[in-house]
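Down below is the structure, laid out as structure tokens.
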Amino acid sequence: MSELIFAIELAYWQQTLIKVLVAAVLIPTTALILGIVFLFKMMSWMQSRMGPQEAGPRGLLQLAADGLKFLQKEDIIPDRADRFVFKAAPVVVLASTFLTYVILPAGPDLIIENLPTGIFFAMAVSSLSVVGVLMAGWSSSNKYALMGGLRAGGQLIAYELPLILAVMGVVIQAGSLSMQDIVWAQADGSMFGFGGLGLPFVITQIVAFFIFMVAIQAELTQPPFDMPVAESEVVGGFHVEYTGFRFLFFFLGEFATAFAFAAIAATLFLGGWWVPGIDPNSALANIVGPIALFVKIMVVAFLIFWFRFTYPRFREDQLQRFAWKYLIPLALANITITGILVVVL
Amino acid sequence: MTVTDSQKMAYVAAQAADARVNLQFETEDGMTLNMGPQHPATHGTLRIVAQLDGEQVVRCEPIPGYMHRGYEKLCEVRTYPQVTTLINRIDWLGSFANEVPFILAAEKLMDVEAPPRAQVIRTILFELSRLGNISLFLGDLGIQLGGITIGFYAFRDREFVLNQIEAATGGRFHPNFDRIGGLKDDLPKGWIAETHRAMDRMRRLCDEFEELVLGNEIFQARTRGIGVIPADIATSYGMSGANLRATGVDWDLRRDACPPGLSYDLADWKVWTHPDGDSYARTWVRLQEVRESTHIVDQLLDSIPAGPIMAKVPRIIKVPEGEAWVATENPLGEMGYYVVSKGDLVPFRVKIRSASFNNISVVPWVTRGVFVPDVITIMASLYFILGDIDR
Amino acid sequence: MIRLSSADTPTTDAADEAVETVTDERREALLARITEVLGDAVVQSHIRPGDDLWVRVTREAWADVADASRNRLGLRFFDFLSAIDWLPSPFGRDMDAQEDLDADAAAAEPAPIVTGYAGGDTRFQLLARVFDVDEHIGVTFKADLPDEDLSAPTWTRTFLGAEWHERETWEMFGISFTGNANLAHLYLPGAFEGNPLRKDFPLLARRVKPWPGIVDVEPMPGAGDEGDSDEGGAS
Amino acid sequence: MPKVPGMVKGLGVTFRTMVETLKPSGGPATVQYPHEKEEPSPRARGVIALHEENCTACMLCSRECPDWCIYIEAHKTLAPPRRAGGKPRQVNQLDRFAIDYSLCMYCGICVEVCPFEALFWSPEYEFSEVSIADLLHEKERLGEWMETVPDFEPYEAGSEAKGKKVPR
């Protein structure tokens with residue numbers, strides 16, 4: 001447990017407080033990192049420009065400045081909006097992100113709460129955001145928001161299924177729902193009898209990895225699945241009426257969720273905090289682990305954002321068809337084959 | 001002045017009329033989605049009122065006029081050389097191309113012809129403005145469909161074309177370079193070589209567009225079979241340019257009815273058509289047109305004859321009495337000017353036939369029963385410039 | 001296409017056309033076909049050899065002209081539809097500000113209306129152009145509209161694209177089209193008064209501000225007026 | 001060779017561009033505007049400069065301007081004779097020459113019609129103002145632009161146009 005590093009015995013409430021604070025700091029920080037590195041810098045480079053340059057060294061503080069700007073803005077609530085629901089929606093979205101962070105392991109002992117059903121919990125809470133999105137879309141009393149919210153609702157539910165089914169393959173192979181156990185399973189695994197590199201599940205579960213990446217793209221409502229927020233038709237979709245810090249909540253939620261999903265993908269398929277050559281039981285793993293996890297997250301996030309900046313978007317009916325007709329059968333087939341192989345081998 | 005008072009009244013009445021339109025739409029069945037006039041999909045201020053049943057469009061009507069500047073009236077108080085400044089701003093992306101048909105109409109009435117060198121340079125600039133215009137279409141289409149990256153590429157490479165237009169004419173967007181009987185000035189040194197390089201950049205943009213957008217399976221799923229316009233409907237609506245050629249009608253004013261004063265016959269080129277008539281076909285035809293256009297420019301650049309650039313015209317231009325209709329194949333389609341002269345300094349009547357006006361009037365016909373995202377695809381693939389609709 | 005000459009006589013009968021040395025067989029043939037199909041509806045015509053063909057038809061036959069063009073003459077492509085107000089502008093160029101003020105007073109006796117190619121008897125004329133995309137030949141139709149009844153049959157039954165053009169003509173000239181149910185404002189705000197493209201509609205932009213070019217160089221104190229125009233003489 | 005799916009090719013395009021942008025030899029297509037500036041072409045129509053000595057207040061530019069944005073005031077005065085012992089000449093003394101850039105359409109007709117080479121285009125473009133009234137440039141301001149007027153470029157081969165010189 002985390003308190004062991006500091007060799008301090010803490011009371012339960014103290015532990016909880018620290019954990020809450022860590023998560024509360026992590027969410028904006030990770031969102032900022034993703035926003036700066038990918039949304040501002042990488043997108044700019046891919047479009048042959050340099051991105052923001054003025055705020056901070058090489059413009060790295062631009063997003064922080066934007067955040068401050070959002071905080072200063074007037075909080076506008078439309079006249080005919082359902083005020084309570086309108087105000088609650090961003091909180092719901094952010095809460096779902098917040099809860100996802102609870103089960104992310106960053107080292108053998110660095111985890112906020114090692115739930116035995118960790119990945120199941122993550123899938124469950126991440127689908128909470130649908131509720132927030134629908135609340136936002138419905139309460140805004142705006143047709144664009146309504147259309148965006150409904151599209152988002154349909155899309156998030158449709159892609160929740162392939163997401164979970166993709167995870168199932170990994171779970172079957174690891175034999176556990178706990179995030180830590182999945183990492184251990186990959187660290188202890190062996191490739192063709194050679195155990196030095198362990199067995200990142202991306203090798204055996206490449207189909208699941210593909211489905212997972214597609215599904216999180218859709219869950220994040222990013223291109224090519226960004227029809228719910230398509231700015232060229234529904235002008236931002238469910239958050240079209242939000243300003244100031246409420247919009248900031250959505251923004252943070254989007255990028256923190258991207259980070260969380262990237263972390264889950266890194267943990268499930270790339271071995272999480274585990275690095276070949278470092279004894280997972282040593283204290284060193286607690287220091288190298290977060291760095292390794294961060295690097296792996298950035299690799300996954302790079303893929304997510306690379307797709308985002310390259311592809312045009314699907315139409316809503318096309319992406320539904322894609323989910324139900326192709327992704328889900330594929331995921332089911334993957335589970336079946338994995339199950340058979342696990343039993344046979 | 002009493003007129004301003006009545007204008008004030010007209011404004012109030014207009015607000016009320018707008019409210020009435022909204023009410024009328026609201027009280028009918030289904031949901032009415034009002035896109036614009038300030039909507040990201042309507043680069044410019046075009047309002048689209050769509051009546052929806054779920055996500056399906058029952059009726060969709062574009063409402064232009066938010067940028068109507070009354071050029072036909074304004075032309076009646078401007079002398080012939082002054083008119084070109086004004087009509088630059090009709091299709092503001094292909095601005096030089098706007099001047100040409102008007103100047104040709106005036107030349108026809110005055111019975112003068114530009115010297116060969118001026119004709120070739122005029123044609124080159126005409127094609128450059130086509131490149132500047134359609135390259136932005138390629139980028140804009142990507143942006144409308146969610147792939148924003150190609151938009152930046154288009155802006156990046158269009159810059160080379162605009163730089164060439166600026167280096168020759170002095171104006172990036174509003175060259176005002178065409179004159180009755182020739183051109184304002186000759187080309188600066190080094191321009192030809194630099195333009196060849198710009199053409200290479202444009203061809204690279206075409207390749208990138210093909211790889212990034214046109215070849216993308218998602219893009220094809222979004223555009224193939226969407227917004228199909230048969231040839232019969234297209235001619236009935238008077239659609240022109242790539243929109244008409246995408247319906248399979250082999251009709252290009254540059255080749256088939258090139259007015260004297262442009263020298264397309266010096267180049268060896270091809271008119272592309274596509275039989276499908278859908279959004280993909282329109283995009284494909286435009287992409288091929290950009291490629292073809294770079295080849296036209298390349299060939300003409302190597303065949304600029306030596307000589308003067310202005311024919312002998314009087315300093316004070318009075319155009320003899322008569323009527324003339326000249327249409328050219330502008331980036332957006334057929335643009336024509338019906339100029340009526342009474343032998344005065346100013347034209348008596350100028351009817352401006354702009355391409356987007358006819359091209360966009362087909363929208364109510366083509367959007368029945370499509371989905372809301374397809375409205376965006378169709379509008380983007382029909383490609384309009386608001387100044388070209390509203391004039 | 002080679003431009004041969006321009007006929008500058010504004011009103012030329014089809015008969016006069018033969019006098020000219022240059023003839024344009026394709027357009028003559030098209031005109032013959034039009035006359036054959038439309039019969040009495042053709043009032044007058046004019047050909048500029050190698051350039052264009054104008055045909056003036058009766059107002060009553062206006063809708064038949066569209067139908068015949070598209071379905072029988074092969075002129076399938078609808079180019080545009082508009083109108084001309086042949087009234088000489090009572091405001092001049094709106095430029096010579098001082099003269100303008102005088103012109104306002106003189107507007108009571110308007111100059112005679114002179115119409116263009118293919119003639120005309122009325123102040124307002126409809127103007128429309130159709131094209132044959134296979135034969136690459138076009139024709140401009142005109143029709144007279146009497147002042148007391150500015151209306152014509154609609155073209156929208158034949159050419160769907162005519163709807164917007166008719167709406168524009170309706171609001172700009174005040175010409176209504178019977179059969180076009182959707183004559184709503186296209187460009188102008190809902191309750192705009194007046195028809196801007198009529199010649200007697202003033203262009204406000206040119207009237208609210210004095211023309212800066214009217215100012216002249218102040219003469220030498222005590223000097224005569226003879227030095228007034230020496231430098232400006234180039235204009 | 002099997003066909004590469006278009007979606008994969010697209011990824012290649014964006015990745016290539018990123019590498020191109022980050023490469024020292026490539027670099028971005030943009031410039032960081034206030035710190036570095038692109039050189040506009042010498043013919044660029046940025047702002048109109050007035051060479052006051054050449055202006056004879058003939059009013060041509062003002063009359064040809066489609067936007068009515070040039071204001072000229074002048075009076076006649078006696079100038080010293082050209083040759084010693086000659087008669088004093090009567091010339092136009094320019095009192096005011098102003099261009100309202102909030103109306104100007106940058107068409108260049110005034111520069112073109114000027115028979116005495118008093119107006120020139122300068123590619124300078126940085127003269128935006130907070131207040132629209134400040135866009136009315138009087139003759140002193142227009143005279144200052146004269147320094148920024150570049151020399152006329154030589155013409156492309158085959159041209160018969162005569163090169164012109166900018167009075168300095």
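Proteins get letters first, then strands, A, B, ... in listed order; numbering begins at 1 in each.
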Before accepting this row, confirm whether a basic side-chain N of the pair [X]/[Y] lies closer than 4.0 Å to the acidic partner's carboxylate O.
{"X": "C:Lys142", "Y": "B:Glu323", "value": "yes"}
{"X": "C:Glu168", "Y": "B:Lys351", "value": "yes"}
{"X": "B:Arg89", "Y": "B:Asp388", "value": "no"}
{"X": "B:Glu76", "Y": "C:Lys199", "value": "yes"}
{"X": "C:Arg123", "Y": "C:Asp85", "value": "yes"}

Taking side chain as everything from C-beta outward and backbone as N, CA, C, O, which of these in [X] sits under 4.5 Å from a heavy atom of chain B? Side chain, backbone, both or neither.
{"X": "C:Asp134", "result": "neither"}
{"X": "C:Ile137", "result": "neither"}
{"X": "C:Thr140", "result": "side chain"}
{"X": "C:Arg167", "result": "side chain"}
{"X": "C:Asp79", "result": "both"}
{"X": "C:Arg70", "result": "side chain"}

What part of [X] is in contact with chain C, defined as an atom under 4.5 angstrom from a non-hydrogen atom: side chain, backbone, both or neither?
{"X": "B:Asp232", "result": "both"}
{"X": "B:Lys73", "result": "both"}
{"X": "B:Pro64", "result": "both"}
{"X": "B:Glu72", "result": "both"}
{"X": "B:Met239", "result": "backbone"}
{"X": "B:Pro364", "result": "neither"}
{"X": "B:Val249", "result": "side chain"}
{"X": "B:Ile352", "result": "neither"}

So which of [options] has the largest heavy-atom pair count under 4.5 angstrom toward chain B?
{"options": "C:Pro196, C:Ala83, C:Gly161, C:Gly138", "result": "C:Gly161"}
{"options": "C:Phe77, C:Trp54, C:Phe159", "result": "C:Phe77"}
{"options": "C:Phe80, C:Trp164, C:Phe78", "result": "C:Trp164"}

Is atom CZ of B:Arg69 surrounded by more than 12 heavy atoms (other residues, nucleotides or ligands) closer than 6.0 Å?
-> yes
Donor-acceptor contact below 3.5 Å, side chain C:Ser82 vs main chain C:Leu127 =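 Pair absent, no side-chain N/O of C:Ser82 close to backbone of C:Leu127.
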Identified salt bridge (charged side-chain N to carboxylate O under 4.0 Å, His left out) partner of B:Glu329 from the options B:Arg245, B:Arg255, B:Arg254 |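 When B:Arg245, B:Arg255, B:Arg254 are each tested with B:Glu329, the salt bridge (charged side-chain N to carboxylate O under 4.0 Å, His left out) holds only for B:Arg245.
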Residues which pass side-chain hydrogen bond (donor to acceptor under 3.5 Å, both in side chains) with B:Arg368, listed by chain and number, not counting sequence neighbours =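 Listed in chain order: nothing, the list is empty.
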Between C:His165 and C:Trp155, does the ring centre distance come in under 6.0 Å?
-> no
If the plane angle is over 60° it's perpendicular, under 30° parallel, otherwise tilted; pick one for B:Trp325 and B:Tyr338.
->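 The arrangement is tilted - the two ring planes meet at 30° to 60°.
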